Protein chains: 2
Amino acid sequence: MKKVLIYDSILRDGAQAKGISFSVEDKLKIVEKLDSIGVAYIEAGNPGSNPKDLEFFERVKKINLKHSKVIAFGSTRRVNKPVEEDANVKSLLKADTPAIAIFGKSWGFQVTEILKTTLDENLSMIRDTIAFFKNKNKEVVFDAEHFFDGYKADPEYAIKTLRAASEGGADSLCLCDTNGGTFPDEIYEITSRVVKEFKEDIGIHCHNDTGMAVANSIMAVKAGAVQVQGTMNGYGERIGNANLTTIIPNLQLKDEYSCILEDSISEFTTTSKYISEIANVLHDERAPYVGNFAFAHKAGMHADAVNKNPTAYEHIAPETVGNERVFLMSEVAGRSALLNFVNSFDKSITRDSPETKVILEKLKEMEFKGYQYEGAESSLELIIRKILGKYKPHFDLGEFKVLVNEPSISKANSSAIIKINVDGQQEMTADEGDGPVNALDNALRKALERFYPQIKDMKLTDYKVRVLDSSSATAAKVRVLIESTDGKEVWTTIGVSTDIIEASWQALVDSIEYKLIEEK
Amino acid sequence: MKKVLIYDSILRDGAQAKGISFSVEDKLKIVEKLDSIGVAYIEAGNPGSNPKDLEFFERVKKINLKHSKVIAFGSTRRVNKPVEEDANVKSLLKADTPAIAIFGKSWGFQVTEILKTTLDENLSMIRDTIAFFKNKNKEVVFDAEHFFDGYKADPEYAIKTLRAASEGGADSLCLCDTNGGTFPDEIYEITSRVVKEFKEDIGIHCHNDTGMAVANSIMAVKAGAVQVQGTMNGYGERIGNANLTTIIPNLQLKDEYSCILEDSISEFTTTSKYISEIANVLHDERAPYVGNFAFAHKAGMHADAVNKNPTAYEHIAPETVGNERVFLMSEVAGRSALLNFVNSFDKSITRDSPETKVILEKLKEMEFKGYQYEGAESSLELIIRKILGKYKPHFDLGEFKVLVNEPSISKANSSAIIKINVDGQQEMTADEGDGPVNALDNALRKALERFYPQIKDMKLTDYKVRVLDSSSATAAKVRVLIESTDGKEVWTTIGVSTDIIEASWQALVDSIEYKLIEEK
């Protein structure tokens, strides 16, 4: 196994993605997680550009990291200014990290047009700044910004910028495809030349603007690069940075490289989801290896074959990265996937049972209305149980009324009145809540607890709303998904309606009915 | 310019993605769109596995296609059965398309373990089936399923399967990375060998399980493949197929290949969004070239540089693909992006104006509460106008009450009572709607129309709900985005609250207030 040093930049480049903003607490949690899986470098921010980062650098020093070095990131000194008087350089020093990343320009056009200085002064800026930090005993990574575009415009000048960094004493030279426009064969060829000419560790830093950041990083490693910069989940400016959650398993599971601790690969999906949660963005369901769809089979023929032998349509075993195989329930899923599901609660049903056809028809009809049982299998189970005669409702709705007042008198601006029947007994009650769905949820539970005390153990843990047909605006059809738990099991139910209250009601009712199935 | 034939499989492989299901109408719309941009082949379904497809093939014959050939897709004949008696083969013929794609196994393991037959019988199945369709004067594409995995296990047998297809008379041989696990350097090497040994057109068909489907397709083209199979927007089973919306601009704008009509590239973003809409899935904001984030700049320094010269951080000009540059409004956006925005309605504000600092502070405070003005710039403009004293509200809310009844007496199960004040005059009214937000929207407009008849011209065109912190379930914070238009302009506004009615109300009010700004 050849060692590849993973360099994560989620706390800096990742925070430049649309919709992502980390608090100091968030950053510390991510540092601890990345350290625990064995990431070599954690680039944690640019103390010169963001004052919030200084508090972070103070606090991160108190954490005892086992595997990772924290890196502060900043630019070379300013044009024609002494390095020791440069404010950015001073704040980098103040961050007090074991390693520093210095970025400088490797593309002549950027030097003359953006920095507005001479090509020679740019080389001095790189050399001086790196030498300054080497004198302070820092490990220094040189990030050669726009290296590949620079190389394609003028190979010798691009190489000179690396030479200047090398003369300054840089420990590693990282080649950046800053605009993300370079092709894998170019990356391979150019990186190979640099690896031959320099004794320093060579790194690669790709952006995904042509959808090839992962492949480009892999090709650089094949050309001899030993440091891979990217971000967990691929967060980053524009389309994003090279996605480490793809690169790491590619190199470690499908090739002969070692990137992170061997043990941590089997929890890689959880790690990736944990980071999505801290970033407060939806986890990418189509992410290779760690997405919910990564091992999801829908086509009937594929599902059949995977049942015979998983390697038929899986490039690795899902459990290797802590993910799992899913058979999607849908009209094209075919009988095989559906039967697997039905048999999980009724073993008597076979491919040729008359009920199988009825279930498939019902599934098509509901999907046509906007229901989607992929991910809401508990509602599907209730429907199938009704068809099989293995279920009767535990209560009937008499009626409900919900009232919303604005301005509200208390925090609970909504109240719900509800009337239900259980075995001929009527219960009428009311409750309030923060919003109409919350009020309705509270009132329904209150009404039912007298009959079914076990629902006290359950609570709703997730509530999602998706607008299906947004063209008719506030009268559009919405799909509501509700996730519930009783501490032992987790289940998800669905409702669809043009009225969000009605859709939420359907999902709420299914959630409680599912809990009350006795012979589960 | 070298010609590459684009082969789109969205109607078959795309429909195997989670959450995607096309009606016959949907399929016909997509065929017309793909034909209009000059896609060479449209693989439209497997008539043997989906009876809905037969209606489609009947109807698609009546469309006069200018650039595309429609392809029916199916497998080789069954084991040890005569080809002319095979039900799948018959339904392929019945589809009556000019071209047929036949898939067969190129991996010995799949032949013996999944098909349970001999390696020789598999070669006969390929040869016979293709010869049958060549005798019927069809153009035939051979899809060599699992070709790369097969080649890595036993190169000579994999080549033999191509040889059998060639002997059968196949017009093109498409090499499939069915499990999506192959690396770009392997694709290049193996494709190069095949191109050398066969006179037929060679195609490439990649899946994205290692995040490299785009790069793999590009490397195959560099090795001599002239047909690229994939799907628009990358829809497909598991992680998806090779994304044609990335591959096409990569080859046509950044390399020397011609893939689709030159004119259609400048509307490529619209084409991609149109297809997302028909598939009824959210458009991928992080898609290269065509995503909303593809040219979105957030880091202060990047925004500054792009203002000086766009090529500083853009690999192509966004308008080349019909997309646009965006400066994201956020706390890390920096003053430069914010000033661009403020100056679009108040030229007097500069970087050093005291108001700039106040605006930045307010932005941070609101983002902390869950507001996000990236994409809801109209609400941001209202806030900034208030700070600058350039705006006064056009009405005050006295109060509203919303009542929801279940079961409902009519389709409109919700009613809203509203009281507003305009310049000291009170208006009280009520209206009903399909759901509480719709009722509230209707009542508010009714109350305001007396004072502001111009709001009759505007309507809401989109309504989106995102649950921000889903852990507290039905009392979670939600963010509502409302898009409105008056036929001339389109604008988006935002509301955030734990109560969906309150969040919707904020966005509704902003939407109307924005319309009423006179000196826009």
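Note on naming: letters A, B, ... go to the chains in the order of the sequence lines (proteins, then strands), and numbering restarts at 1 for each one. A quick note: this is a predicted structure, and the numbers were derived from the prediction, not measured.
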K.L.:
With a 4.5 angstrom heavy-atom cut-off, is it the side chain or the backbone of B:A503 that approaches chain A, or both, or neither?
P.N.:
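The answer is neither part of B:A503.
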
K.L.:
Considering only heavy atoms and a distance below 4.5 Å, find which of B:M219, B:E285, B:E113, B:K254 pairs most often with chain A.
P.N.:
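Top option by heavy-atom pairs under 4.5 Å: B:K254.
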
K.L.:
Give the minimum heavy-atom separation between A:T182 and A:E186, together with the two atoms involved.
P.N.:
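Shortest heavy-atom contact: CG2-OE1, 3.2 Å.
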
K.L.:
Do you know which of B:T311, B:I418, B:L397, B:D13 has the most heavy-atom pairs with chain A at a distance under 4.5 angstrom?
P.N.:
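Going by pairs under 4.5 Å, I would pick B:T311.
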
K.L.:
Answer yes or no: is there an ion pair linking B:K222 with B:D255, defined by an N-O contact shorter than 4.0 Å?
P.N.:
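Looking at B:D255 together with B:K222, the answer is yes, because their closest N to O distance falls below 4.0 Å.
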
K.L.:
If only atom types and distance count, is the side chain of A:S511 paired as donor or acceptor with the main-chain N or O of A:A507 below 3.5 Å?
P.N.:
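Judged by distance alone, no pair lies under 3.5 Å.
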
K.L.:
Specify which of B:G234, B:A294, B:G291, B:P184 makes the most heavy-atom pairs with chain A at under 4.5 Å.
P.N.:
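Most heavy-atom pairs under 4.5 Å with chain A: B:A294.
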
K.L.:
For B:I218, is it the side chain, the backbone, both, or neither that has a heavy atom closer than 4.5 Å to a heavy atom of chain A?
P.N.:
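Side chain only.
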
K.L.:
Any side-chain heavy atom of A:F400 sitting closer than 4.5 Å to one from A:I417?
P.N.:
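When only atoms from C-beta onward are counted, A:I417 and A:F400 do not touch, as no gap falls below 4.5 Å.
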
K.L.:
Among B:R238, B:Q110, B:K459, B:E502, which residue forms the greatest number of heavy-atom pairs with chain A at distances under 4.5 Å?
P.N.:
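If we count pairs closer than 4.5 Å to chain A, B:R238 comes out on top.
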
K.L.:
Most heavy-atom pairs under 4.5 angstrom with chain B, which of A:Y289, A:W107, A:F183?
P.N.:
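Maximum pair count with chain B is reached by A:F183.
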
K.L.:
Where does B:Y188 contact chain A at under 4.5 Å (heavy atoms): side chain, backbone, both or neither?
P.N.:
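Contact with chain A involves no heavy atom of B:Y188 at all.
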
K.L.:
Please determine, among B:N405, B:T210, B:I114, the option with the most heavy-atom pairs under 4.5 Å with chain A.
P.N.:
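It is B:T210.
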
K.L.:
Mind checking whether A:H315 and A:F295 have parallel, tilted or perpendicular rings, split at 30° and 60°?
P.N.:
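Judged by the thresholds at 30° and 60°, the geometry between A:H315 and A:F295 is parallel.
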
K.L.:
Please identify, among A:A312, A:G435, A:A416, the residue contributing the most non-hydrogen atom pairs under 4.5 Å to chain B.
P.N.:
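So the answer, after comparing A:A312, A:G435, A:A416, is A:A312.
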
K.L.:
If the test is side chain to side chain contact (heavy atoms under 4.5 Å, CB included), which one of A:I501, A:I500, A:V404 qualifies with B:I500?
P.N.:
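Going through A:I501, A:I500, A:V404 one by one, the side chain to side chain contact (heavy atoms under 4.5 Å, CB included) with B:I500 is satisfied by A:I500 alone.
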
K.L.:
Is any side-chain heavy atom of B:W505 less than 4.5 Å from a side-chain heavy atom of B:L440?
P.N.:
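A side-chain contact exists here, since the closest heavy-atom pair is under 4.5 Å.
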
K.L.:
Could you look at B:T246 and say if it's the side chain, the backbone, both or neither that has a heavy atom under 4.5 Å from chain A?
P.N.:
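Contact with chain A is through the side chain of B:T246 alone.
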
K.L.:
Quick one: what part of A:A287 sits under 4.5 Å from any heavy atom of chain B, side chain, backbone, both or neither?
P.N.:
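A:A287 touches chain B through backbone heavy atoms alone.
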
K.L.:
Name the region of B:D149, side chain, backbone, both or neither, that has any atom closer than 4.5 Å to a heavy atom of chain A.
P.N.:
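For B:D149, there is no contact with chain A at all, as no heavy atom is under 4.5 Å.
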
K.L.:
Look at B:L403, B:D284, B:D209 and state which one has the largest set of heavy-atom pairs under 4.5 Å with chain A.
P.N.:
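When all of B:L403, B:D284, B:D209 are compared, B:D209 has the most.
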
K.L.:
Measure across A:G398 and B:P407 and return the closest heavy-atom pair with its distance rounded to 0.1 Å.
P.N.:
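Looking at all heavy atoms of both residues, the shortest contact is O-CD, 3.5 Å.
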
K.L.:
How about A:I239 and A:H207: do any of their side-chain heavy atoms sit closer than 4.5 Å?
P.N.:
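No, side chains not in contact.
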
